[in-house]
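Reading through the structure tokens given below for one structure.
Heavy-atom basis, side chains included; hydrogens, waters and symmetry copies ignored. Since the structure is predicted, the reported quantities are computational estimates derived from the model, not experimental observations.
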Amino acid sequence: MKSFLFLLFLFSNSLYPVFSQSNLLESVKKNPNEARNICNKFREFNSKGISASSDKAIEYISKRNKLTPVNAEIFSIYVIGLHCPDII
């Protein structure tokens, strides 16, 4: 029984990030205006020599969208990929 519970716990934790990433992608798809605003902020960062993948940019996304740093980075990648591939 303990083995079963351990496996259940293990798999439930490993599936959670997948669902979380899917929700992040859907939020980017459903809110293109928000994504464009984020692209503009990334362009502002780029004009100052700051990469969209920098700690400062990820912290901005994390605070703006109330996300963990990891999810903020994933969210940023989705925004850049779908709405502003010119961002560095």
Side-chain angles (χ1 to χ4, degrees):
M1 183 64 166
K2 286 184 181 182
S3 298
F4 174 73
L5 291 175
F6 175 74
L7 289 174
L8 183 62
F9 173 76
L10 182 68
F11 285 117
S12 68
N13 282 340
S14 67
L15 292 176
Y16 178 73
V18 172
F19 293 132
S20 176
Q21 290 175 16
S22 177
N23 291 338
L24 289 173
L25 178 57
E26 286 303 313
S27 72
V28 171
K29 287 180 178 179
K30 291 179 181 178
N31 299 307
N33 288 332
E34 179 186 352
R36 284 188 209 100
N37 290 337
I38 293 170
C39 288
N40 289 334
K41 186 64 175 181
F42 285 156
R43 286 185 184 96
E44 183 182 319
F45 282 140
N46 281 182
S47 72
K48 296 175 182 176
I50 301 169
S51 169
S53 61
S54 70
D55 289 343
K56 184 173 183 172
I58 298 304
E59 182 180 344
Y60 167 79
I61 295 298
S62 179
K63 287 181 180 177
R64 184 179 197 275
N65 295 37
K66 297 178 180 147
L67 298 170
T68 65
V70 170
N71 283 338
E73 190 167 3
I74 293 166
F75 183 83
S76 298
I77 291 167
Y78 288 150
V79 168
I80 292 167
L82 292 174
H83 297 281
C84 45
D86 59 308
I87 297 297
I88 300 171

V79 with I88, same ILVMFWY side-chain cluster at under 4.5 Å: no
Distance, nearest 0.5 Å, that separates NE2 of H83 from CG of N40: 12.0 Å
Inter- and intrachain pairs under salt bridge (charged side-chain N to carboxylate O under 4.0 Å, His left out), touching residues 66-76, at least two apart: none
Side-chain donor-acceptor pairs under 3.5 Å in residues 55-62, sequence neighbours left out?
from: E59; atom 1: OE2; to: K63; atom 2: NZ; distance (Å): 3.0
from: Y60; atom 1: OH; to: R64; atom 2: NE; distance (Å): 3.2
from: S62; atom 1: OG; to: L67; atom 2: O; distance (Å): 2.4

Passing candidate, side-chain contact (heavy atoms from CB on, under 4.5 Å) with I80, options I38, V28, I87: I87
Pairing residues for T68 by the side chain to side chain contact (heavy atoms under 4.5 Å, CB included) criterion, not counting sequence neighbours: V70, N71
Salt bridge (charged side-chain N to carboxylate O under 4.0 Å, His left out) pairs, two or more places apart, involving residues 76-86: R43-D86
Same apolar cluster (I L V M F W Y, side chains within < 4.5 Å links), L25/I74: yes
Those residues that, when tested against K48, pass salt bridge (Lys or Arg N to Asp or Glu O under 4.0 Å) (two or more places apart): E44
Separation of S54 OG from F42 CZ (nearest 0.5 Å): 8.5 Å
Inter-residue atom distance N65.CG - N31.CG, 0.5 Å rounding: 9.5 Å
Hydrophobic cluster membership, Y78 vs F45, 4.5 Å side-chain cutoff: yes
Sidechain-backbone polar pair: N23 side chain, S27 backbone, donor-acceptor under 3.5 Å: no
Within residues 58-88 or reaching into it, pairs that qualify as disulfide bond (SG atoms under 2.5 Å apart) - sequence neighbours excluded: C39-C84
